[in-house]
Amino acid sequence: MITDIESSNCALPVATPHGEFLAWYSEKGLCALRFPSTAKHSKQTRPVPPKIRRWHAATNAALKSALKGQNGKALPPLDLSAGTEFQRRVWGALLKIARGRTLSYAEVAKAVGKPKAVRAVGGACGANPIPVFVPCHRVVAANERLGGFSGGLDWKRALLKREGIRLPD
DNA sequence: TAAGTGCGTCGTT
DNA sequence: AACGACGCACTTA
């Protein structure tokens with residue numbers, strides 16, 4: 001089947017109290033979520049297929065809920081097919097971390113059956129295309145510290161705090 | 001205790 | 001071949 005990337009992918013804004021996120025959709029579902037940035041978003045002119053409109057409604061509700069630290073509304077389908085085998089294993093493990101819980105990078109490495117691939121897990125977290133929904137912010141360093149966050153550590157702190165997680169000063 | 005160094009380890013580019 | 005969102009052992013002050 002021929003797939004036209006230009007016509008099948010689209011980006012839609014999600015207005016939240018913390019700024020305007022940008023949600024990207026493929027034919028398979030939500031494929032990327034970006035934190036608010038100062039850059040202007042190009043306006044979506046092309047008509048949005050009904051399927052994607054439904055997904056976007058789910059994204060809207062789920063993101064606003066998640067930013068309040070509340071329990072999961074239904075997520076849209078997540079298209080994580082762009083990742084490597086290893087990355088998808090890691091992202092799958094992240095999806096199992098319950099709200100308000102955390103795992104260390106080493107624990108995630110064990111969970112995917114590669115206990116020594118600790119740094120590689122960090123890399124996979126950094127490559128997570130759908131932050132918040134794929135909760136890479138719930139992965140922290142073993143030394144009781146925060147670890148890193150590609151979206152900025154302020155976001156990581158805020159997300160964890162809203163889930164009721166105590167952080168070391 | 002706190003802060004800094006060195007190195008094993010492995011997926012990704 | 002080089003680089004990390006790591007972890008651990010081991011200095012220093």
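The structure displayed is predicted, hence computed values, not measured ones. Just so we're on the same page: letters track the sequence lines, and every chain starts at 1. For the numbers below, each heavy atom of this structure counts, side chains included, while hydrogens, waters and symmetry mates do not.
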Next item on the list: Decide whether A:D79 and A:S26 meet the rule of one side-chain donor and one side-chain acceptor closer than 3.5 Å.
Entry: yes
Check: Any donor and acceptor pair, going by atom type alone, linking the side chain of A:K156 with main-chain N or O of A:V139 inside 3.5 Å?
Finding: yes
Next item on the list: Answer yes or no: does atom NZ of A:K64 have more than 12 heavy-atom neighbours from other residues, nucleotides or ligands under 6.0 Å?
Entry: yes
Notebook entry, point to check: Is the number of heavy atoms from other residues, nucleotides or ligands under 6.0 Å of A:W155 CH2 greater than 12?
Noted result: yes
Next item on the list: Starting at atom CD of A:E107, determine the distance to atom P of C:dA5, rounded to an integer number of angstrom.
Entry: 20 Å
Checklist line | Of residues 84-91 of chain A, the positions that come close to DNA chain B - non-hydrogen atoms, cut-off under 4.0 Å | finding: A:T84, A:F86, A:Q87
Note to self: Does any part of the side chain of A:L146, heavy atoms only, come nearer than 4.5 Å to the side chain of A:L160, both counted from C-beta?
What the structure shows: yes
Notebook entry, point to check: Where along residues 109-120 of chain A does a heavy atom come under 4.0 Å from DNA chain B, residue by residue in number order?
Noted result: A:K114, A:K116, A:A117, A:R119, A:A120
Notebook entry, point to check: Where do A:E163 and A:G100 come nearest, in terms of heavy atoms and distance?
Noted result: OE1-N, 3.0 Å
Checklist line | Side-chain donor/acceptor of A:R162 to backbone N/O of A:K68, under 3.5 Å | finding: no
Check: Are the side chain of A:R34 and the backbone N or O of A:L22 linked by a donor-acceptor pair below 3.5 Å?
Finding: no
Next item on the list: Could you tell me whether A:G126 contacts a base, only the sugar-phosphate backbone, or nothing, with contacts defined as non-hydrogen atoms closer than 4.0 Å?
Entry: base
Note to self: I'd like to know if the side chain of A:S65 reaches the main chain of A:A61, judged simply by a donor and an acceptor atom lying under 3.5 Å from each other, with no hydrogens or angles considered.
What the structure shows: no
Item checked: Separation of C:dA9 P from A:N143 CG (nearest whole Å) -> 13 Å
Next item on the list: Give each stem of DNA chain B as a range with a range, requiring at least 3 consecutive Watson-Crick or G-U wobble pairs whose two distances are under 3.5 Å.
Entry: B:1-8 with C:6-13, B:10-13 with C:1-4
Checklist line | Separation of B:dA2 C1' from A:R145 CZ (nearest whole Å) | finding: 9 Å
Check: In whole Å, what is the span from the CZ atom of A:F149 to the P atom of C:dG4?
Finding: 19 Å
Item checked: Donor-acceptor under 3.5 Å (A:R99 side chain, A:G69 main chain) -> yes
Note to self: Does this structure show an ion pair linking A:E27 with A:K51, if we count only N-O contacts that are shorter than 4.0 Å?
What the structure shows: yes
